[in-house]
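Everything quoted here is computed from the prediction, not taken from an experiment. Note: hydrogens, waters and symmetry copies are ignored here, and every other heavy atom, side chains too, is used.
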Amino acid sequence: MARTKVFKSGNSNAVRFPASFAVEPGMTVEVREEQGRWIVEAVPDVPKKIDLTGIWGSIPGIKPIAGEDREFEERELDWGGKLLKRD
């Protein structure tokens, strides 16, 4: 167990963890209150991308989109999001 003080950091209150706790900068934690006690737990980072390698080829008849089919036509929009008239 260690003691530390709450301090002001911008508009928030903050707590420093002692070095012996091995908390890495940028680590994601979850803070919650249970019966008047504050619980701080490390949370695993959520992967930013979905791995689709396991389903590749599992849908019969689906083919990759060709590069020329991925191109789109530029068009102007007004601020309301409606299409402007074309020439």
Side-chain angles (χ1 to χ4, degrees):
M1 182 174 359
R3 286 188 177 218
T4 186
K5 288 188 177 186
V6 177
F7 63 97
K8 196 77 167 166
S9 177
N11 289 332
S12 300
N13 292 328
V15 175
R16 285 191 181 101
F17 287 96
S20 61
F21 282 25
V23 178
E24 297 292 324
M27 180 183 242
T28 305
V29 296
E30 181 180 86
V31 181
R32 67 180 183 278
E33 184 181 358
E34 289 183 3
Q35 301 175 353
R37 302 180 83 175
W38 294 323
I39 311 295
V40 180
E41 291 182 325
V43 178
D45 289 333
V46 178
K48 297 183 191 304
K49 293 185 179 181
I50 298 172
D51 183 15
L52 299 176
T53 56
I55 65 165
W56 175 259
S58 64
I59 304 172
I62 194 165
K63 297 177 184 172
I65 299 173
E68 59 272 3
D69 293 335
R70 292 185 207 164
E71 295 177 11
F72 61 96
E73 182 181 324
E74 291 286 338
R75 51 187 181 172
E76 293 184 33
L77 299 174
D78 67 4
W79 287 104
K82 296 178 183 175
L83 285 173
L84 295 175
K85 293 182 182 180
R86 297 183 183 195
D87 296 332

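Side chain of R16 to backbone of T4: no donor-acceptor contact under 3.5 angstrom is found.
Within a 6.0 Å sphere centred on NZ of K8, other residues, nucleotides and ligands contribute more than 12 heavy atoms. Atom CZ of R32 has more than 12 neighbouring heavy atoms from other residues, nucleotides or ligands inside a 6.0 Å radius.
Hydrophobic clustering keeps V31 apart from V6 (ILVMFWY residues linked when any side-chain heavy atoms are closer than 4.5 Å, directly or through intermediates). F21 and V29 fall within the same hydrophobic cluster, defined by Ile, Leu, Val, Met, Phe, Trp and Tyr side-chain heavy atoms under 4.5 Å apart, directly or through other members. By the rule that hydrophobic residues join a cluster once side-chain heavy atoms approach within less than 4.5 Å of another member, V40 and V43 end up as members of separate clusters. Under a hydrophobic-cluster definition in which Ile, Leu, Val, Met, Phe, Trp and Tyr are linked whenever side-chain heavy atoms come within less than 4.5 Å, directly or via other members, V15 and V23 are assigned to different clusters.
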